[in-house]
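Note that the structure is predicted; figures quoted are calculated from it, not measured. All heavy atoms count here, side chains included; hydrogens, waters and symmetry mates do not.
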Amino acid sequence: MRSSRLVSVAAAGTAAALLLTSAPVAFAGHGHDGHGGGHGSGHDRPGKVTTHLVPTLEGRATLSADHLAEGPPSGAQAASANGRQGPWDGQVIPGFSAMVDNGDGTFWAQPDNGFGSQGNSADFLLRSYLVEPDWDTGGGRRSGSGEIEVLDHISYNDANDVLDFEIVHEDTDDRLLTGADLDIESVVQADDGTLWVGEEFGPFLLHFDADGTLLEKPFSLPGGLRSPQNPYLADGEEPTLRASRGFEAMAGTRGGRYLYPVLEGAIVDDADQRRRVIHEFDTRRGEYTGRTWDYQTDQEANVLGDAFAVGRDSFWIVERDDFEGPASVTKRVYEIDLSRTDRDGYVRKELVLDALRIENPRGIDAGEGYGLGETYALPVQSFETVLRLEDGRILIGNDNNYPGNAARNPGTPDDTEMVVVDLERERTRDDGVTVIGHRGASGYRPEHTLAAYEQAILQCADVIEPDVVPTSDGVLVARHENEIGGTTDVADHPEFADRRTTKTIDGRAVTGWFTEDFTLAELRTLRAVERLPEVRPGNTAFDGLYQVPTLDEVLDLARHSETCDGQPVGVAPETKHPTYFDSVGLPLTGPLVAELRANGLDSRRAPVVLQSFETGNLRELDRRTDVRLALNVSASGAPYDLVAAGDPRTYADLVTPKGLRGLARYIDIVSMEKNVVIPRTADGSLDEPSRVVRDVHRAGLEAYAWTFRAENQFLAADFRSSDDPDAHGDLAGEIDAFLDAGLDGLFSDHPDIAAAAVDARR
């Protein structure tokens, strides 16, 4: 539900205030008592004022990507990128993977192993740098230079000859450690000043004194969990962890008695590749306690970049993908509590901030690169630092993988960034209109990808819409159609060439590749592509990047997200071709209801609506779930289940007053093609609105319309900008005309324009 902002008040930066969210609620509208299924009254009433917390940029400081610290040359074997080629005459600082707050405005900031691999980092010295950011706060007398000053450093070393495997500087007195010896990624400082470091080659826990000297032999993971680079890996022994998927993240309780290292990636043979295991280590006893917890990422490829303790059992976790710049999908901080789990057994996670949407009212560094504007984003590949400062504010930062990352400005290596974020309390007023991201923000990203859904959330959609179809092994996935030749790169996979076939779907012959002929594992080898490349050529830049998501992943993304108004993000799954899938033994209703229950979304007040172009499966859903239901109505034709049963009723019959009274027994929303709501004249302009919205409301139902798209070819003639069918016209104007007709909700490929049009009516 889009809400107009009224006032912002700085929120206290306390842990308790960080997760001020509203209880789950259903969609906007009139609602009704429902027939036997408990379909409920809906969202907060229009005009209701609510309060939520908004991440707001307070300060930013950077260290030049090309900064060199004192020391021997580095990067002789590093890959060249962005116009930079090693070796460099000094020690590169390739961003920071972990930090310790000294409480006096300075930080110990720790890079990782150097240039990305064991093989190219032998000349990179493992260090922790003492740094002091001079925060740019957006002008005024107190605003600083926006630069990070490097004051000092410690060098990690094995001068005590603790290690029992060979290192690069084996025969020197200092035995300085390098990126070919260990891959340090996380750090916790104990009360005695010693440093506990999480590492990835083992993965190991390493204990150093305050000056960087290794005090004890590395602590290995129990159960024989080892990475490919583990120096103790025996000949022929298969690693149980993938390379660089060790202890990227680690938190420590106050005082450092217990450490909580988190595996960055999944265990190789784990059936759930979204599982990340959290371990507990007792520093006093020098051993793992045997207690573990499971964390589930938003998608399989995501990694955990950092962890920070904010309470006895509560931690902030950085979850990120490996994309950068506009391709970024997940750059988030979640809070978990080890004492709370979801019904699926994973620790419950709640959003603290989405680093792709941070308000920047002071315009700090606006215009200096991608993600620097009215809204600040940290769209870097390696978002790897989160701290809660002593005043309660949040510090986030990056590893820039020098010289490889160029998220801000293509062709220019990313600087190292440190950013301070506060959560400011904001009051908003409900506007009464639901904006649904149609297949996500499909005007900006390939449809039905997590990138499109995330983009819709960033653009202030209230709801995201996945169309659901099954795989051969019965897993529901998000595709507009079960035929995937136009939305994936399946045609480029010769191993699937023989699966191209012709089927009859809803009485129509369709040729191509079909989801029901692929297992989920096979489907995961494909990548999404833009369905309308000639219309939306900009979206083709993202072709080949994203997997086909499961419905479970879409539901997880929504329930772990917030709208721009601090409300839970709604989900509107559309069941595609239910009669056809019943006929081939892959019914949709049972698996769909099971997914809702598994995600805690099968209730009257859950922010969910289920859609269909058919009536029979909506009746079945009404008997099996309490969530809200919507019939999709085309401007012509009839529901296929009625056609198959010989029932002569058409969509036009169903939206007569008599037909609507029948629908009201089992649905809540009538979602109509635009021309049903406002017909077009002979020249393609909008005519006078029909009486259908009034009739829908009189039946106690809500009226939605679809699909609002910005390109001229999809607009009424009086809102087109030119004769170019692919150029953008006045979508906001067209939406305004439909809102005048009394709509309660609308589906748009361009949710940013739709949300702005709704807000503009206040």
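Here the CG-CG distance, from L353 to L423, works out to 7.0 Å after rounding to the nearest 0.5 Å. Note that CG of D313 and CH2 of W293 are 7.5 Å apart. Values are rounded to the nearest 0.5 Å. Distance check: S186 OG to D112 CG gives 11.0 Å after rounding to the nearest 0.5 Å. D158 CG to L177 CG: the interatomic distance, rounded to the nearest 0.5 Å, is 6.0 Å. Distance check, rounded to the nearest 0.5 Å: CZ of F201 to CG of D183 gives 4.5 Å. In this structure, L450 CG and N302 CG are separated by 8.5 Å, a value rounded to the nearest 0.5 Å.
L372 is listed as a side-chain neighbour of R60, based on a closest heavy-atom distance under 4.5 Å. Side-chain contact between I336 and R348 is absent, with no heavy-atom pair separated by less than 4.5 Å. At a threshold of 4.5 Å between non-hydrogen side-chain atoms, the residues V187 and S128 do not count as touching. Taking the side chain as every heavy atom from C-beta outward, I358 and I396 approach each other to under 4.5 Å. You'll find the side chain of T416 stays beyond 4.5 Å of the side chain of T62, heavy atoms only. Taking 4.5 Å as the limit, every side-chain heavy atom of E454 sits out of range of all side-chain heavy atoms of T330. Counting heavy atoms from C-beta on, the side chains of D354 and P55 never come closer than 4.5 Å. Proximity of L182 to N113: side-chain heavy atoms (C-beta onward) are nowhere separated by under 4.5 Å.
Judged by distance alone, the side chains of R275 and T297 never bring a donor and an acceptor atom under 3.5 Å apart. No hydrogens or angles considered: nothing links the side chains of N398 and E384 as a donor-acceptor pair under 3.5 Å. D422 and T56 are not linked by any side-chain donor-acceptor pair at a separation below 3.5 angstrom, with hydrogens and angles left out of the test.
Between the side chain of D342 and the backbone N or O of Y346, no donor-acceptor pair lies under 3.5 Å. In this structure, the side chain of D321 engages the main chain of V329 through a donor-acceptor pair within 3.5 Å.
Contacts classified as ring-ring contact (aromatic ring centres under 6.0 Å, His included) and involving residues 373-397 (residues at least two apart or in different chains) are not found. Legend: salt bridge (charged side-chain N to carboxylate O under 4.0 Å, His left out) pairs involving residues 199-221, not counting sequence neighbours: none detected.
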Chi angles and distances behind the side-chain contact (heavy atoms from CB on, under 4.5 Å) call for R127, I154: CA-CA 6 Å; R127 293 175 170 178; I154 60 173; over 6 Å; no

Given side-chain contact (heavy atoms from CB on, under 4.5 Å), test V303 with R245 step by step and report yes or no. CA-CA 8 Å; V303 296; R245 290 297 180 256; 3.6 Å; yes

Determine, step by step, whether D306 and T385 satisfy the side chain to side chain donor-acceptor pair (under 3.5 Å) criterion, reporting the C-alpha distance in whole Å, the side-chain angles of both residues, the deciding distance to 0.1 Å, and the verdict. CA-CA 6 Å; D306 199 11; T385 298; 4.6 Å; no

Could you walk me through whether V347 and D337 pass side-chain contact (heavy atoms from CB on, under 4.5 Å), step by step? CA-CA 7 Å; V347 292; D337 187 326; over 6 Å; no

Just do the side chain to side chain donor-acceptor pair (under 3.5 Å) check on E132 and T106 with the steps written out, would you? CA-CA 5 Å; E132 184 174 18; T106 67; over 6 Å; no

Run the numbers on D602 and V627 for side-chain contact (heavy atoms from CB on, under 4.5 Å), then give the verdict. CA-CA 6 Å; D602 183 26; V627 302; 4.3 Å; yes

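Y402 pairs by the ring pair (Phe, Tyr, Trp, His ring centres under 6.0 Å) definition with W88, not counting sequence neighbours. A search for salt bridge (charged side-chain N to carboxylate O under 4.0 Å, His left out) contacts involving R408 returns E417, not counting sequence neighbours. Every ring pair (Phe, Tyr, Trp, His ring centres under 6.0 Å) that Y156 has, sequence neighbours left out, goes to F208. Scanning for side chain to side chain contact (heavy atoms under 4.5 Å, CB included) contacts around A243 gives P228, Q229, with sequence neighbours left out. Shown here are the side chain to side chain contact (heavy atoms under 4.5 Å, CB included) partners of R284, two or more places apart in sequence or in another chain: R257, D282. A search for ring pair (Phe, Tyr, Trp, His ring centres under 6.0 Å) contacts involving W135 returns nothing, not counting sequence neighbours. For V131, the side chain to side chain contact (heavy atoms under 4.5 Å, CB included) partners at least two apart in sequence or on another chain are F96, F107, A109, Y129, I148, V150, M418. Checked against ring pair (Phe, Tyr, Trp, His ring centres under 6.0 Å), Y288 has the following partners two or more places apart in sequence or in another chain: H279, F281. In this structure S328 satisfies the side chain to side chain contact (heavy atoms under 4.5 Å, CB included) test together with K331, L356, P379, sequence neighbours excluded.
Relative ring orientation between F315 and Y260 is described as tilted, the plane-to-plane angle lying within the 30° to 60° band.
Salt-bridge formation is not detected for the pair E374/R362: no Lys NZ or Arg NE/NH1/NH2 atom is positioned less than 4.0 Å from an Asp or Glu carboxylate oxygen. Note on R320 versus E264: salt bridge recorded, some NZ/NE/NH1/NH2 to OD/OE distance being below 4.0 Å. Ion pairing between a basic and an acidic side chain is recognised when a charged N comes within 4.0 Å of a carboxylate O; R276 and E248 show no such pairing.
Counting heavy-atom neighbours within 6.0 Å of R142 CZ, excluding the residue itself, gives a total of 12 or less.
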Table please: side-chain donor-acceptor pairs of residues 549-558 below 3.5 Å, with sequence neighbours left out.
unit_1 : atom_1 : unit_2 : atom_2 : d
T550   : OG1    : E553   : N      : 3.1
D552   : OD1    : N599   : ND2    : 3.0
D552   : OD2    : R274   : NH1    : 2.8
E553   : OE1    : R524   : NH1    : 3.4
E553   : OE1    : R524   : NH2    : 3.4
E553   : OE1    : T550   : N      : 3.1
E553   : OE2    : R524   : NH2    : 2.8
D556   : OD1    : R559   : NE     : 2.9
D556   : OD1    : R559   : NH2    : 2.9
D556   : OD2    : R274   : NH2    : 2.5

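Two rings, from F204 and F247, have their centers 6.0 Å or more apart.
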